[in-house]
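The next block holds one structure in the form of structure tokens; read it before the comments.
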Amino acid sequence: MCQLLGMNCATPTDFNFSFRGFKCRGGVTDVHAHGWGLAIYEGRGVRAFHDPLPCAHSPLADMVSSYPIKTLNMMAHIRYATQGGVSLENVHPFQRELWGIQWTFAHNGEVPKFSMKNNNPQDQEQEQTLQPSCSSGFLQSEMPMLGRCKEATYHPVGDTDSEAVFCAMLNALRAEFTTLPTLPVLYEAIQRLCCEIVRGRETETIFNFLLGCGQFTMFAFSWPGSREGSKVWNGLHYLVRYPPFSQAKLKDVDYAVDFNETNDESDRVAIIATKPLTTNENWKEFKRGQLLMFDNGLPYSKPYECVSVERRGRGLSSRAIPRGEICPFKYQYNIPQLLRRAVFEALGKEDEEDSSKVWSERALDMGCGSGLSGVQFRSCCKHLTGVDISPESLCEARERSIYDRLIVGDAECVLQKEKESDDSDDDVWYDLVFACDLFSYIGDIRGIFQTVRRSLECKGGVFAFSSEIINDSLNKDGDDGFVMQSCARFAHNRWYISALTEEFGFQTQLTTESTVLRRHDGKDVLGSLVVLTLPSSVHSAQINLSGL
């Protein structure tokens, strides 16, 4: 299948290094010799290059790889044709205008619902509306529409399922919005379309794409897999380069660059690729069904995280239609704010962002991400530690200047190491531990409960968290207490959380029953906000728990 390369940057950056290795895969180190393309955002415009020749042997590719074009957002594609002939019209990235914005799209995989090989009207779901046919050879009369779309505006020019699904996504977005959507709303809409595209053909579909929507923003989605009879795994990987920089060595050609000599403190670059491009860097593979939004060289995996990007003025920019509602709260995306309110209500405290009302001596933000949860709790904490497994997310958290300490690592492991440390100068304890949207990525949370108890038992304190909930409240034989949902996120049973609360000696102060935590596939996802307390085992509690 094809391969993808994307780059999203904090400052204008050239892509010569990554493209130098990537183009070798177009006919030298790999078999993707059926054309290549490149789309580079420059302000409101897009500079595009397309060539049906193998990228490794293309004079145009040689010129581009040595031309110092700097950009905040770009994508490239090398093709191994599985649908459609080797011709210019089938070369990615594809490009269309929507809302006065240049959108670009590159795809790796096979999408049966949009395949000219597998399309069968009898296989289409009943709600799909059919398009009129065209003369290109792709039977648009058999191509489904997505979302609320009833009439298509965008049509594929070539013969690939990739261009067809791109057009269908744009048609759906155009039908849904009459005002320019904010980034959290757009994130949810794209996520919903991805689910619709995959639904019903999960085992057959391979759907990895890059979607550019203006000079600042890129979305990347992965539904990985292997073609029938093939052992080649098709997914997506990414990494973020940030200060202090180091040397990077390309995998496909003997070439290395020490970015510490070429970049400065303001630079940060996110690179997305089908397969890692370098041999000595820590690439991360996308999870199945994961959608990431990249801006300013950083990944965002939750709609409410996209709010901060919107507020910095880096949302979609259009002169064609009016801007939509910027305030995110009506969409119930701000789990950190909801959890803060729950904690203050449970403790009987006034919810005021006043630094004079500090009531926590030492607080821990588990899975702090980009720091939005820390923003909500900072005013009530004298000392705040943030822990997250993603160093890229901690880059933005550090920029917020709200944490006294930031630690890269698994939250549970970090807590265990702190308690097991023999260093007498590092007597670590907490009286407030909170976790916003962390349990969705952890199935068995018993270890979390155990380590949090050990961290709180010295002084006593509060453990607050959010959790997506399974409706079944009964403990059944063989039930683990949690399940992996179709969206690749965990949900937990109420009885499981209650059992852990009792096992580790916590007391429940507040549990919400049906809080809307997010939306998925057009539906509200319900969960609980839980506030627990643990009495001190050694000293009197530092937090006033009276009257609870």
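As the structure is a prediction and not an experimental result, all values here were calculated from the model.
Annotation for Ala189 and Leu173: closest pair CB-CD2, 4.0 Å, computed over non-hydrogen atoms. What you find for Ala33 and Pro54 is that their closest heavy atoms are O-CG, 3.3 Å. Smallest separation of non-hydrogen atoms from Ala39 and Val46: CB-CG1, 4.0 Å. The minimum heavy-atom distance linking Arg241 with Ala248 is given by the pair NH2-CB, 4.1 Å. Across all non-hydrogen atoms, the minimal contact from Val91 to Gly37 is CG1-N, 3.9 Å. Across Gly214 and Ile101, no two heavy atoms sit closer than the pair N-CG2, 3.8 Å.
Rounded to the nearest 0.5 angstrom, Asn280 CG and Lys251 NZ are separated by 12.0 Å. One finds the CG atom of Leu146 at 4.5 Å from the CD atom of Glu196 (value rounded to the nearest 0.5 Å). Separation of atoms OH (Tyr238) and CZ (Phe286) is listed at 7.0 Å; rounding is to 0.5 Å. The CG atom of Leu211 sits 10.0 Å away from the OG1 atom of Thr217 when rounded to the nearest 0.5 Å. Separating the SG atom in Cys194 from the CE atom in Met169 is a distance of 5.0 Å, to the nearest 0.5 Å. Rounded to the nearest 0.5 Å, atoms OG1 (Thr203) and CZ (Arg201) are 8.5 Å apart.
Using a 4.5 Å heavy-atom cutoff, the side chains of His107 and His92 are in contact. Under the 4.5 Å side-chain criterion, counting only non-hydrogen atoms from C-beta, Ile442 is not in contact with Phe490. Looking at Pro52 and Ser87, their side chains never come closer than 4.5 Å, going by heavy atoms from C-beta outward. Looking at heavy atoms from C-beta onward, His237 lies out of side-chain contact with Leu277 at the 4.5 angstrom threshold. Counting only heavy atoms from C-beta outward, the side chains of Trp283 and Ile271 approach each other to under 4.5 Å. Within the 4.5 Å cutoff, the side chain of Leu38 has heavy atoms near those of the Val64 side chain. Side-chain contact check for Trp36 versus Leu60: some heavy-atom pair is nearer than 4.5 Å. Between Thr274 and Asn208, the closest side-chain pair of non-hydrogen atoms is not below 4.5 Å.
With no hydrogens or angles considered, a side-chain donor-acceptor pair links Asp267 and Thr11 at under 3.5 Å. Looking only at atom types and distance, the side chain of Asn73 has no donor-acceptor partner in the side chain of Thr71 under 3.5 Å away. Side chains of Ser466 and Asp437: no donor on one and acceptor on the other come within 3.5 Å. Between the side chains of Thr104 and Tyr41, at least one donor N or O lies within less than 3.5 Å of an accepting N or O. Judged purely by distance below 3.5 Å, without hydrogens or angles, the side chains of Gln102 and Gln95 pair a donor atom with an acceptor atom. Side-chain N/O atoms of Thr153 and Arg174 include a donor and acceptor closer than 3.5 Å.
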The test is ring pair (Phe, Tyr, Trp, His ring centres under 6.0 Å); show your working for Phe207 and Phe221 and say whether it passes. CA-CA 8 Å; Phe207 190 41; Phe221 176 81; 5.8 Å; yes
Quick one, Leu72 with Asn296, criterion side-chain contact (heavy atoms from CB on, under 4.5 Å). Give me CA distance, side-chain angles, the key distance, then yes/no. CA-CA 8 Å; Leu72 297 175; Asn296 206 36; over 6 Å; no
For the pair Glu110 and Thr205, evaluate side-chain contact (heavy atoms from CB on, under 4.5 Å) and give the outcome as yes or no after the intermediate values. CA-CA 6 Å; Glu110 287 191 347; Thr205 299; over 6 Å; no
Is there a side-chain contact (heavy atoms from CB on, under 4.5 Å) between Leu291 and Ile190 once you walk through the steps? CA-CA 9 Å; Leu291 174 68; Ile190 294 174; 4.1 Å; yes
What verdict does the side-chain contact (heavy atoms from CB on, under 4.5 Å) test give for Cys2 and Arg79, after you've listed the backbone C-alpha separation in whole Å, the side-chain angles of each residue and the deciding distance to 0.1 Å? CA-CA 5 Å; Cys2 310; Arg79 186 169 184 245; 3.9 Å; yes
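Phe105 has its ring centre less than 6.0 Å from the ring centre of Phe209.
Residue Lys284 qualifies as enclosed at atom NZ: its count of foreign heavy atoms under 6.0 Å is above 12. By the 6.0 Å contact criterion, CZ on Arg148 is open, its count of non-hydrogen atoms from other residues, nucleotides or ligands being 12 or less. Counting non-hydrogen atoms of other residues, nucleotides and ligands closer than 6.0 Å to OH of Tyr80 gives a total of 12 or fewer.
A salt bridge does not link Glu281 with Lys249: none of the charged nitrogens is closer than 4.0 Å to a carboxylate oxygen. A salt bridge is defined here as a Lys NZ or Arg NE, NH1 or NH2 lying under 4.0 Å from an Asp or Glu carboxylate O, and Arg227 with Glu204 fails to meet this definition. At a threshold of 4.0 Å, the pair Glu285-Lys275 does not count as salt-bridged, since none of the basic side-chain nitrogens sits closer than that to a carboxylate oxygen. Salt-bridge check for Lys113 with Asp161: failed, with every basic side-chain N at 4.0 Å or more from each acidic carboxylate O. Taking 4.0 Å as the cut-off between side-chain N and carboxylate O, Glu396 and Arg400 count as a salt-bridged pair.
Of the residues Thr179, Leu170, Leu180, the one that meets the side chain to side chain contact (heavy atoms under 4.5 Å, CB included) test with Trp99 is Leu180. None of Asp30, Leu5, Asp252 except one satisfies the side chain to side chain contact (heavy atoms under 4.5 Å, CB included) rule with Phe22; the exception is Leu5.
Of the possible donor and acceptor atoms, one in the side chain of Glu163 sits under 3.5 Å from a partner among the backbone N and O of Val157. Between the side chain of Glu97 and the backbone N or O of Gly100, at least one donor-acceptor pair lies under 3.5 Å.
A cation-pi geometry, defined here as NZ or CZ lying under 6.0 Å from the six-membered ring centre and within 45° of its normal, holds between Arg314 and Phe216. In this structure, Arg96 is not positioned above the aromatic face of Phe166 in the sense of NZ or CZ being under 6.0 Å from the six-membered ring centre and within 45° of the axis. Stacking of Arg288 on the aromatic ring of Trp223 is recorded, both the 6.0 Å distance cut-off and the 45° axial limit being met.
Taking the six-membered ring where tryptophan is involved, the planes of Phe17 and Phe259 are perpendicular, since the angle between them exceeds 60° and thus also 30°.
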